[in-house]
Amino acid sequence: MVDKEVTIWVYSDAGSSELSVKSALAAVAKKLKIDSIATVQTISSADILDNKLSNESKGKNILIMPGGADLPYCQKLNGRGNDIIRKFISKGNIYIGICAGGYYGAREIQFSGQSSEQGYEINGDRELAFFSGTAIGSIKAFTNGQLYDEKTSSKAMVTLNYANAQQDHVYYHGGAYFSADADASFDIVATYIDGKNAVVSGDFGAGKYLLSGVHFELCPIIYEKYVVAQASNVDIKKERDLLLAISHEHYGALIYKEIEKIMVEMFV
């Protein structure tokens, strides 16, 4: 059992998806079977630069970098901001990167997307570099050849494989697979059906990280409000099907179980 107060910080600033942020605020603390969570609150780049992580933290901490777009994360945090985060995690806290936050936590990214009729690429090094390797996406094999965009056609429920032959089905929208450097030390939490790494974790100093290419955090109430209610007539059936899939009582449970395991290891 975790015997220390835990504060969960959810990054909310330019680039962060309102869907992902609000889902994390609503669902993560409830899904984690931990009694000692003190607070769940947002944190901005300005807060990080103002040392809020250190000055206002109680006990132990988890920093969630949500889905969205990682280039604005770079623009706000490169340099001092990322240095603060790295030091904060290395002192015994946990970083959880979801989709864009997963890309952001890798040493390098290779991203391909679609905007209108034009494809685009985002490639480059990332400063946090918790995972020694490259986050590569989007994965069009899951979406009938469609690269990431804002359309429903680039979303899918994908199968993840875990240890002990366990499986679950989790929402995918533009996330990465994680290709490790030859000398990387890390743990594979889950793989996609093709065997590529979907969720990875590892040590960083006295801290830990977990990077996910899938959206295990989604909250059905939030998804219905921010996605389904706004869907076009063309997209409404698929969005309702996706909503039904993430409404399962045990949605994301195997990833939450891994986070609980990390928390017990780190915070007891």
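A 6.0 Å sphere centred on NZ of K257 holds no more than 12 heavy atoms belonging to other residues, nucleotides or ligands. With a 6.0 Å radius and a threshold of 12 heavy atoms from other residues, nucleotides or ligands, K261 has its NZ atom at or below the threshold. More than 12 heavy atoms of other residues, nucleotides or ligands shown are found within 6.0 angstrom of CG on N55. Counting non-hydrogen atoms of neighbouring residues, nucleotides and ligands closer than 6.0 angstrom, the CD1 atom of I236 exceeds 12 such neighbours.
S12 OG to E18 CD: the interatomic distance, rounded to the nearest 0.5 Å, is 8.0 Å. To the nearest 0.5 angstrom, Y162 atom OH is 5.0 Å from L254 atom CG. Rounded to the nearest 0.5 angstrom, Y192 OH and I139 CD1 are separated by 4.0 Å. Distance check: S138 OG to L147 CG gives 4.5 Å after rounding to the nearest 0.5 Å. Going from atom NZ of K208 over to atom OG of S90 covers 14.0 Å, rounded to the nearest 0.5 Å. Within the model, atoms CG of N197 and OG of S179 stand 8.0 Å from one another, a figure rounded to the nearest 0.5 Å.
I136 and F111 are not part of a single hydrophobic cluster, where members link through side-chain heavy atoms under 4.5 Å apart. Criterion: ILVMFWY side-chain heavy atoms under 4.5 Å apart, direct or through other members. Under it, Y172 and L242 are part of a common hydrophobic cluster. Under the 4.5 Å side-chain heavy-atom criterion for Ile, Leu, Val, Met, Phe, Trp and Tyr, Y103 and V199 are members of distinct hydrophobic clusters. I109 and L211 are assigned to two separate hydrophobic clusters, defined by single-linkage of ILVMFWY side chains at heavy-atom distances under 4.5 Å. Cluster annotation: V158 and Y177 are assigned to the same hydrophobic cluster (Ile/Leu/Val/Met/Phe/Trp/Tyr, side-chain heavy-atom contacts under 4.5 Å, transitive).
For Y95, the ring-ring contact (aromatic ring centres under 6.0 Å, His included) partners at least two apart in sequence or on another chain are F130. Partners of F186 according to the ring-ring contact (aromatic ring centres under 6.0 Å, His included) rule, which considers only residues two or more places apart in sequence or in another chain, are F131. For Y256, the ring-ring contact (aromatic ring centres under 6.0 Å, His included) partners two or more places apart in sequence, or in a different chain, are F216. Residues passing the ring-ring contact (aromatic ring centres under 6.0 Å, His included) test with H169, sequence neighbours excluded: none.
Here the rule is side-chain contact (heavy atoms from CB on, under 4.5 Å) with N161, and of D194, D168, I193 only I193 fits it. Tested against T152, the residues K237, E239, K238 include a single side chain to side chain donor-acceptor pair (under 3.5 Å) partner, E239. Tested against Y11 for a side-chain contact (heavy atoms from CB on, under 4.5 Å), the candidates D47, L77, I64, I85 yield a single pass: L77.
E217 and S20 form a side-chain donor-acceptor contact under 3.5 Å, judged by distance and modelled atom types alone. Between the side chains of S45 and D13, at least one donor N or O sits under 3.5 Å from an acceptor N or O. Counting only N and O atoms by type, the side chains of Q114 and S154 include no donor and acceptor under 3.5 Å apart.
Side-chain atoms of V28 and I8, non-hydrogen and from C-beta on, do get closer than 4.5 Å to each other. In this structure the side chain of W9 never reaches within 4.5 angstrom of the side chain of T39, judged on heavy atoms. Between C99 and V214 the shortest side-chain heavy-atom distance does not fall below 4.5 Å. Between Q41 and V10, the closest side-chain pair of non-hydrogen atoms is not below 4.5 Å. Side-chain contact between V6 and F267 is present, with heavy atoms from C-beta onward closer than 4.5 Å. Proximity of I62 to I96: side-chain heavy atoms (C-beta onward) are separated by under 4.5 Å at one or more points. A 4.5 Å side-chain heavy-atom check between T191 and L160 finds every atom pair outside the cut-off.
Although no hydrogens or angles enter the test, the distance criterion places no donor-acceptor pair under 3.5 Å between the side chain of D187 and the main chain of G202. Here the side chain of S201 pairs no donor or acceptor atom with the backbone of L210 at under 3.5 angstrom. Formation of a donor-acceptor pair under 3.5 Å by the S17 side chain with backbone atoms of L19 is found in this model.
When all heavy atoms of G92 and M266 are compared, the pair lying nearest together is O-CE, 3.4 Å. When all heavy atoms of S153 and T143 are compared, the closest pair comes out as O-CB, 3.6 Å. Shown here for K31 and Y251, the closest heavy-atom pair between the two residues is NZ-O, 3.2 Å. The shortest heavy-atom contact between N61 and G59 is ND2-O, 3.4 Å. Of all heavy-atom pairs spanning A135 and A176, the tightest one is CB-CB, 3.7 Å. Nearest heavy-atom pair, G133 versus A106, reported as atom, atom and distance to 0.1 Å: O-CB, 3.9 Å.
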- Task: Please lay out, stage by stage, how I94 and I89 fare under the test side-chain contact (heavy atoms from CB on, under 4.5 Å).
- Result: CA-CA 6 Å; I94 298 170; I89 300 305; 5.7 Å; no

- Task: Using the ring-ring contact (aromatic ring centres under 6.0 Å, His included) rule, take H173 and Y148 through it: C-alpha gap first, then chi angles, then the decisive distance, then the call.
- Result: CA-CA 7 Å; H173 191 200; Y148 169 83; 4.8 Å; yes

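Within the structure, the side chain to side chain donor-acceptor pair (under 3.5 Å) test picks out the following pairs touching residues 62-75 (sequence neighbours left out): D70-R126. Residue pairs meeting the side chain to side chain donor-acceptor pair (under 3.5 Å) criterion with at least one partner in residues 76-86, sequence neighbours excluded, are N78-N82, N82-Y104, N82-E127, D83-K87.
A salt bridge does not link K151 with D235: none of the charged nitrogens is closer than 4.0 Å to a carboxylate oxygen.
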